[in-house]
Chemist: 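Sending over a structure as C-alpha cells; questions will come in a sec.
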Amino acid sequence: METTKKPIVELRSLKKAYGDNTIINDFNLTINNGEFVTILGPSGCGKTTVLRLIAGFEEANGGQIIIDGEDVTNIPAEQRHVNTVFQSYALFPHMTIFDNVAFGLRMQKVAETEIKTRVLDALRMVQLEEMADRKPAQLSGGQQQRIAIARAVVNKPKVLLLDESLSALDYKLRKQMQNELKSLQRQLGITFIFVTHDQEEALTMSDRIIVLRKGNIEQDGSPREIYEEPRNLFVAKFIGEINIFDATVIERVDEQRVRANVEGRICDIYVEQPVQPNQKLKVLLRPEDVLLEELDDDEHTTKIIGYIRERNYKGMTLESTVELEHNGKMVLVSEFFNEDDPNIDHSLDQRVGVTWIEKWEVVLNDEDE
Ligand SMILES: Nc1ncnc2c1ncn2[C@@H]1O[C@H](COP(=O)(O)OP(=O)(O)OP(=O)(O)O)[C@@H](O)[C@H]1O
C-alpha cells in the first residue's frame, strides 16, 4: 500500500526517567501513516520504554505524544487508538480463539452481531478462521502469535505496537512470520511500530529503521540506507558484519578521492567530507564488497596483502577470513559462489590482494564511534 506522508505518531521532546535514571531525553520522532517502522537497538537502550510511552502504559516526564493529530500525553491507554502485541502474547487459556479475539469488543459492549463479523474477518486475515472453536493450547506457537495479532487488529487501531513479538518463535517460524506480518501490514494499511534487537529482522521487515543507543536516535533511515550508509561506527557495527580498515590521509586527489595509507598501503579512497593531511579515518567495508585477487609472489602492488586463513562454503556464497600481512587484522570476505571462477581455487594460506568494489567503501572520521 502507498504510504501517505501524514504523521500518525509524533513524539515531541519526550522525556522519561526512572528515578535518577534518564532513559530518553528530548526525544523527537515522527512516524507516518501506513509505515512499518522498526525501533532497533541493543538491550536496555530504551526501545520498550518508547513503545510503552506511545501505548500509554508509562507516563512521560516531559514532552508530548500526538496520535493522529490529537495530544494524548495525558490520555489513558485504553482511549488511545493503539494496540500492543507483547512478546508473551498471553491469550486466555480457558477461552476459545473466537472469544479471545472478541474479548476487547465485548468489553466495549459492541453488539454481538457486529462482534461476529469483525472477529471472523480478523481470523480470516491471519488465515486461522477454522481454528475459531479451539483453545489456545491446541495451536502452535506461530498460530497463537497470529491470534494475538488478530486480537489487536480487531479493534481497528490506527497504530499497532509490536514488542519483540517474534522472539519466542523458532528460526523457521520466525522467518515465515516476518513475511506474513509484513504482508498483513501492507494489506491492512495500519502503521506498525515494531521493536527488536534483531538487526536481520529489522532489515527484512521495515520501511524505516530507527537505530537507538542509550535513548538517542543514532540513525533514522530505510533498511538500505542504514546498511549501506551507516552514519557512524556504532550503527555500522550493530547492523551486519563489517570490516573496519584504518587509514591516514596523505592528500586530496580530486573532489571525490583522497590518497591515503590504508592498512600499510597507499591507495585512493572516496571521501566526501573535508579532510586534512595526517587525519585518521576509518574505511568501512561489508564482506560482500571486499574482493580477493590473485598475486604474483614478487608483485609490488598498491593492494593490501593478506593470507586466506579460513574458507567456508555457504551454498550461495563462499566466506573467507583473510589475515592482513600488515598487522594481523582479520578481514571477512563473502563472494558469490561461482564454480567457474578461477579465484575459487584460492587455497588456505594463499597470499592474496585485498581490494574492494570501487566507491562502495564508507569512510568515517576516526572519532565517529
Ligand atoms: N519500571 C522500570 N523501573 C526502573 N527502570 C526501568 C523500568 N523499566 C525499564 N527500566 C530501565 O530502563 C532502561 C531501558 O529499558 P527498556 O526496556 O526500554 O530497554 P530495551 O531497549 O527495550 O531493552 P531490551 O531489548 O532488553 O528489552 C533499562 O536500563 C531498564 O533497566
Side-chain angles (χ1 to χ4, degrees), residues 9-31 35-65 67 72-74 76-78 80 82-90 141 145 148-149 152 159-171 173-175 177-178 181 191-206 208-221 223 226-227 230-240 369:
V9 176
E10 292 162 81
L11 308 179
R12 297 186 188 156
S13 304
L14 206 57
K15 178 174 180 181
K16 178 70 194 171
Y18 295 106
D20 294 343
N21 189 9
T22 301
I23 310 302
I24 56 166
N25 197 10
D26 196 19
F27 191 90
N28 292 287
L29 178 64
T30 299
I31 291 169
E35 272 186 319
F36 194 126
V37 173
T38 298
I39 302 178
L40 175 70
S43 182
C45 70
K47 307 180 291 291
T48 300
T49 302
V50 172
L51 215 62
R52 291 175 62 82
L53 284 163
I54 298 172
F57 302 136
E58 295 288 349
E59 230 175 281
N61 301 110
Q64 278 180 307
I65 302 169
I67 295 177
V72 298
T73 320
N74 299 309
E78 61 277 10
R80 299 185 184 188
V82 299
N83 256 291
T84 309
V85 181
F86 294 101
Q87 184 172 355
S88 53
Y89 19 86
Q145 168 69 38
I149 291 165
V159 180
L160 195 63
L161 307 175
L162 301 108
D163 190 2
E164 303 265 0
S165 305
L166 305 183
S167 61
L169 307 178
D170 68 41
Y171 180 78
L173 194 56
R174 197 173 168 137
K175 288 274 144 208
M177 279 305 297
Q178 286 173 4
L181 257 190
T191 308
F192 276 31
I193 308 179
F194 187 80
V195 155
T196 185
H197 60 261
D198 181 332
Q199 39 95 11
E200 198 188 323
E201 191 157 275
L203 290 175
T204 313
M205 298 173 77
S206 329
R208 189 173 150 204
I209 299 176
I210 315 292
V211 184
L212 273 198
R213 173 169 59 162
K214 294 182 186 156
N216 294 313
I217 297 177
E218 294 290 330
Q219 195 163 354
D220 172 348
I226 301 271
Y227 187 79
R231 191 179 295 156
N232 57 37
L233 287 172
F234 172 80
V235 176
K237 287 192 237 173
F238 192 69
I239 318 269
E369 182 61 47

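Residue indices begin at 1 and follow the sequence shown. As the structure is a prediction and not an experimental result, all values here were calculated from the model. In each ligand, atom 1 is the first atom listed, and ligand 1 is the first ligand listed.
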Chemist: Just to verify, what does A77 make a side-chain contact (heavy atoms from CB on, under 4.5 Å) with, not counting sequence neighbours?
Modeler: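 side-chain contact (heavy atoms from CB on, under 4.5 Å) check on A77 returns F57.
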Chemist: Please report the C-alpha distance between V85 and Q145 in whole Å, then the side-chain angles of each, then the deciding distance to 0.1 Å, and finally whether the side chain to side chain contact (heavy atoms under 4.5 Å, CB included) criterion is met.
Modeler: CA-CA 9 Å; V85 181; Q145 168 69 38; 4.0 Å; yes
Chemist: Looking only at distances, please establish whether an N/O atom of ligand 1 is found under 3.5 Å from an N/O atom of N21.
Modeler: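 In this structure, N21 places no N or O atom under 3.5 Å from an N or O of ligand 1.
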Chemist: Decide whether an N or O pair under 3.5 Å exists between C45 and ligand 1.
Modeler: yes
Chemist: Just which atoms of ligand 1 are under 4.0 Å from any heavy atom in T49?
Modeler: 14 (C), 15 (O), 16 (P), 18 (O)
Chemist: Which bit of T48 is near ligand 1, meaning a heavy atom under 4.0 Å away: side chain, backbone, both or neither?
Modeler: both
Chemist: Could you check atom 13 (C) of ligand 1 against the protein and tell me its nearest heavy-atom contact, residue, atom and distance included?
Modeler: I23 CD1, 3.5 Å
Chemist: With a cutoff of 4.0 Å, is G41 in contact with ligand 1, counting heavy atoms of the residue only?
Modeler: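 It does not; every heavy atom stays at 4.0 Å or beyond.
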Chemist: What residues, two or more places apart in sequence or in another chain, satisfy side-chain hydrogen bond (donor to acceptor under 3.5 Å, both in side chains) together with T204?
Modeler: none
Chemist: Please indicate whether Y171 has more than 12 foreign heavy atoms, meaning atoms of other residues, nucleotides or ligands, lying under 6.0 Å from its OH.
Modeler: no
Chemist: Does the residue P42 have a heavy-atom contact with ligand 1, meaning some pair of atoms that are separated by less than 4.0 Å?
Modeler: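 The answer is yes, since P42 has a heavy atom less than 4.0 Å from ligand 1.
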Chemist: Return a yes/no value: protein heavy atom under 4.0 Å from atom 16 (P) of ligand 1?
Modeler: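 There is a protein heavy atom less than 4.0 Å from atom 16 (P) of ligand 1.
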Chemist: Checking a contact table here: which protein heavy atom is nearest atom 25 (O) of ligand 1, and how many Å away?
Modeler: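 Minimum-distance protein heavy atom for atom 25 (O) of ligand 1 reads K47 NZ, 2.8 Å.
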Chemist: If you draw a 6.0 Å radius around CD in E59, do more than 12 non-hydrogen atoms from other residues or ligands fall strictly inside?
Modeler: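 Count not over threshold, so no.
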Chemist: So between S43, G19, G44, whose heavy atom ends up nearest atom 29 (O) of ligand 1?
Modeler: G44
Chemist: What protein heavy atom lies closest to atom 9 (C) of ligand 1? Include the residue and the distance to one decimal.
Modeler: Y18 CE1, 3.5 Å
Chemist: List the atom of Y227, the atom of I239, and the distance in Å for their closest heavy-atom pair.
Modeler: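 For Y227 and I239, the tightest heavy-atom pair comes out as CD1-CG2, 4.0 Å.
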Chemist: Does K15, at its NZ atom, have more than 12 non-hydrogen atoms belonging to other residues, nucleotides or ligands within less than 6.0 Å?
Modeler: no
Chemist: Checking the side chain of N216 only, and the main-chain atoms of E218 only, is there a donor and an acceptor separated by less than 3.5 Å?
Modeler: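 No, N216 side chain to E218 backbone: no donor-acceptor pair under 3.5 Å.
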